[in-house]
J.: 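Encoded as structure tokens, here's the structure I'll be asking about.
Start at 1 and go down the list; that is how both ligands and their atoms are numbered. Here, residue 1 is the first one in the sequence, and each next residue gets the next number. None of the values given here were measured: they were computed from a predicted structure.
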Amino acid sequence: MRILVTGATGNVGRLVVDQLLAAGATQVRALTTDPARAALPPEVEVVEGYLGRVETLPRALAGVDRMYLAPLTKTVREVTALAREAGVTRIVDLAGPEGSWWYDIEKAVEQSGIPWTHLEAGEFMTNTTVWAEQIRDRGEVREAYPRAANAPIALEDIAAVAAKALLEDGHEHVAYGLTGPETLTRAELVAQIGQALGREIPLVEVSHAEALAELSAVMGADSAAWYLDGCAELARDPQPASPTVSRVLGRPGMRFAEWAVAHAELFR
Ligand SMILES: NC(=O)c1ccc[n+]([C@@H]2O[C@H](COP(=O)([O-])OP(=O)(O)OC[C@H]3O[C@@H](n4cnc5c(N)ncnc54)[C@H](OP(=O)(O)O)[C@@H]3O)[C@@H](O)[C@H]2O)c1
């Protein structure tokens with residue numbers, strides 16, 4: 001069974017490759033724009049291409065049974081049509097439910113008629129790196145909504161669920177809402193990063209307007225406004241943790257405290 005991983009050097013795609021190999025998959029093909037730079041494991045068949053350049057896909061899809069579809073909405077209709085033509089029998093996509101930026105992916109995949117599994121991931125733990133510069137430069141974090149609470153997920157767990165859904169039966173036509181194992185406030189996330197670094201990181205509460213000005217410089221005005229509106233919503237209505245990751249994987253998802261220790265260098 002040949003499995004194509006698209007976006008194979010991406011934050012999630014690269015981990016999907018690792019998870020497939022760890023699970024014993026022997027025919028893993030990886031799609032990347034630059035095979036030399038990609039430095040993928042030697043047992044992986046590397047093919048040059050990108051989801052955004054659909055002319056590169058017929059070659060990449062030849063002989064493929066299943067594919068991990070990275071989240072690119074722009075070309076998803078052409079991509080899924082090509083996958084169908086190539087005889088792909090399962091797509092596991094990283095996307096999002098109706099109302100999210102990624103819903104077009106789910107629609108196109110379903111309309112292709114190819115059996116699918118949707119991975120609807122909540123906020124990624126890596127998004128906390130938005131604080132990395134403040135922690136490095138000032139030793140503190142300035143936040144408008146310290147009581148905003150959600151259950152961020154480790155990319156490693158998204159990839160592990162993707163690998164299961166690619167390799168095992170029983171995941172077809174399911175949309176998995178994926179979160180981490182516990183709901184934590186922004187203040188708790190900052191405290192756990194501090195524990196991982198071995199020092200206290202003060203959290204300074206600032207106004208929405210102040211946070212918007214500061215974050216706009218780091219991530220651009222649109223993303224900063226979107227992030228802060230999301231935090232305001234999570235302060236009013238915290239996101240509960242979903243049991244899906246532990247149900248699918250048969251083990252608990254990675255806790256934020258463990259993730260922060262494993263990735264402490266991101267904040268040093
Ligand atoms: N809840 C959430 O937060 C959520 C949910 C669903 C999706 N997402 C989104 O999922 C994505 C996950 O990140 P990811 O790194 O796994 O996937 P990605 O951003 O889609 O990137 C995948 C790969 O595509 C390739 N690529 C080639 N040309 C590119 C171009 N012009 N622009 C961008 N990428 C190009 C790159 O690899 P090569 O250079 O090797 O070709 C890149 O590593 C994030 O963008 C995130 O916003 C988030």
J.: If the contact criterion is a heavy-atom separation under 4.0 Å, does P71 count as touching ligand 1?
T.: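 Checking ligand 1 against P71, which is what was asked, there is a heavy-atom contact under 4.0 Å.
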J.: Which ligand 1 atoms are under 4.0 Å away from a heavy-atom of V12?
T.: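 That gives atoms 14 (P), 16 (O) of ligand 1.
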J.: Which atom pair, heavy atoms only, marks the closest approach of M219 to S223?
T.: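 Answer, listing the atom of M219 first, then S223: O-CB, 3.4 Å.
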J.: Going by the angle between their ring planes, with limits at 30° and 60°, are H208 and Y145 parallel, tilted or perpendicular?
T.: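 Geometry flag for Y145 against H208: perpendicular rings.
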J.: Look at atom 23 (C) of ligand 1 and say which protein heavy atom is nearest, naming residue and atom and giving the distance to 0.1 Å.
T.: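 Checking every protein heavy atom, the shortest distance to atom 23 (C) of ligand 1 gives G7 CA, 3.6 Å.
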J.: If hydrophobic clusters are built from ILVMFWY residues whose side chains come within less than 4.5 Å, do W116 and L72 share one?
T.: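 Result: yes, single cluster for both.
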J.: For atom 1 (N) of ligand 1, is there a protein heavy atom at a distance under 4.0 Å?
T.: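 It does; a protein heavy atom is within 4.0 Å.
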J.: Give the residue, atom name and distance (to 0.1 Å) of the protein heavy atom nearest atom 36 (C) of ligand 1.
T.: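 I find the closest protein heavy atom is T9 OG1, 3.9 Å.
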J.: With a 4.0 Å cut-off on heavy atoms, is S100 in contact with ligand 1?
T.: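 The answer is no, since S100 has no heavy atom less than 4.0 Å from ligand 1.
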J.: G122 heavy atoms, cut-off 4.0 Å: which ligand 1 atoms fall inside?
T.: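 Taking each heavy atom of G122 in turn, ligand 1 has 1 (N), 2 (C), 3 (O) under 4.0 Å.
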J.: Report the nearest protein non-hydrogen atom to atom 8 (N) of ligand 1: residue, atom name, distance rounded to 0.1 Å.
T.: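 Ranked first by proximity to atom 8 (N) of ligand 1 is W102 CZ2, 3.2 Å.
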J.: Look only at interatomic distance and state if T32 has a nitrogen or oxygen under 3.5 Å from any nitrogen or oxygen of ligand 1.
T.: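 Yes, since at least one N or O of T32 sits under 3.5 Å from an N or O of ligand 1.
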J.: When you measure from atom 39 (O) of ligand 1 to every protein heavy atom, which one gives the shortest distance, and what is it?
T.: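 The answer is T33 OG1, 2.8 Å.
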J.: Regarding T75 and E78, is there a side-chain donor-to-acceptor distance under 3.5 Å anywhere?
T.: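 No - no donor-acceptor pair under 3.5 Å links their side chains.
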J.: Might you check, step by step, whether the distance between atom 19 (O) of ligand 1 and some protein heavy atom is under 4.0 Å?
T.: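 There is no protein heavy atom less than 4.0 Å from atom 19 (O) of ligand 1.
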J.: Verify the contact flag for atom 45 (O) of ligand 1, where contact means a protein heavy atom under 4.0 Å away.
T.: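 No; the ligand atom in question lacks any protein heavy-atom contact below 4.0 Å.
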J.: Are any of the side-chain heavy atoms of L82 and V54 separated by less than 4.5 Å?
T.: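 The answer is yes; the side chains approach within 4.5 Å.
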J.: Would you tell me whether R255 and Q192 have side-chain atoms, one donor and one acceptor, within less than 3.5 Å of each other?
T.: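 There is no such pair (donor and acceptor under 3.5 Å, judged by atom type) between the side chains of R255 and Q192.
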J.: Do H118 and E110 have a side chain donor and acceptor closer than 3.5 Å?
T.: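 Per modelled atom types, H118 and E110 side chains form a pair under 3.5 Å.
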J.: Under a 4.0 Å threshold between the charged nitrogen and the carboxylate oxygen, would E45 count as salt-bridged to R2?
T.: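 Yes, charged N to carboxylate O under 4.0 Å.
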J.: Calculate, to the nearest 0.5 Å, the distance between atoms CD1 and CG belonging to I201 and L203 respectively.
T.: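 The CD1 atom of I201 sits 9.5 Å away from the CG atom of L203.
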J.: For R37, take its heavy atoms, then give the atoms of ligand 1 lying under 4.0 Å from any of them.
T.: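 Answer for ligand 1: 39 (O).
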J.: Taking distance alone, with no angle check, do N11 and ligand 1 share an N/O pair under 3.5 Å?
T.: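 Checking ligand 1 against N11, an N or O pair does fall under 3.5 Å apart.
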J.: Give me the residue, atom name and distance of the protein heavy atom closest to atom 35 (C) of ligand 1.
T.: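 Result: Y50 CE1, 3.3 Å.
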J.: I'd like to know whether ligand 1 has A121 as a neighbour, heavy-atom separation below 4.0 Å.
T.: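 So A121 counts as touching ligand 1.
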J.: Would you say G96 contacts ligand 1, with heavy atoms under 4.0 Å as the rule?
T.: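 No, that is not the case, since the closest heavy atom of the residue is not under 4.0 Å from the ligand.
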J.: Is ligand 1 under 4.0 Å from a heavy atom in the side chain of A95, in the backbone, in both, or in neither?
T.: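 Backbone only.
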J.: E120 near ligand 1, heavy-atom distance under 4.0 Å?
T.: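 For ligand 1, residue contact (heavy atoms, under 4.0 Å) with E120 is absent.
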J.: How about D222: does its CG atom have over 12 heavy atoms from other parts shown lying under 6.0 Å from it?
T.: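 No - once you tally the heavy atoms of other residues, nucleotides and ligands closer than 6.0 Å, there are 12 at most.
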J.: Quick one: does N127's side chain get under 4.5 Å of Y227's, heavy atoms only?
T.: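 No. Closest side-chain heavy atoms not under 4.5 Å.
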J.: Indicate yes or no: does an N/O atom of G10 lie under 3.5 Å from an N/O atom of ligand 1?
T.: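 In this structure, G10 places an N or O atom under 3.5 Å from an N or O of ligand 1.
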J.: So, does T73 use its side chain to make a donor-acceptor pair with the main chain of W102 at under 3.5 Å?
T.: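 Absent.
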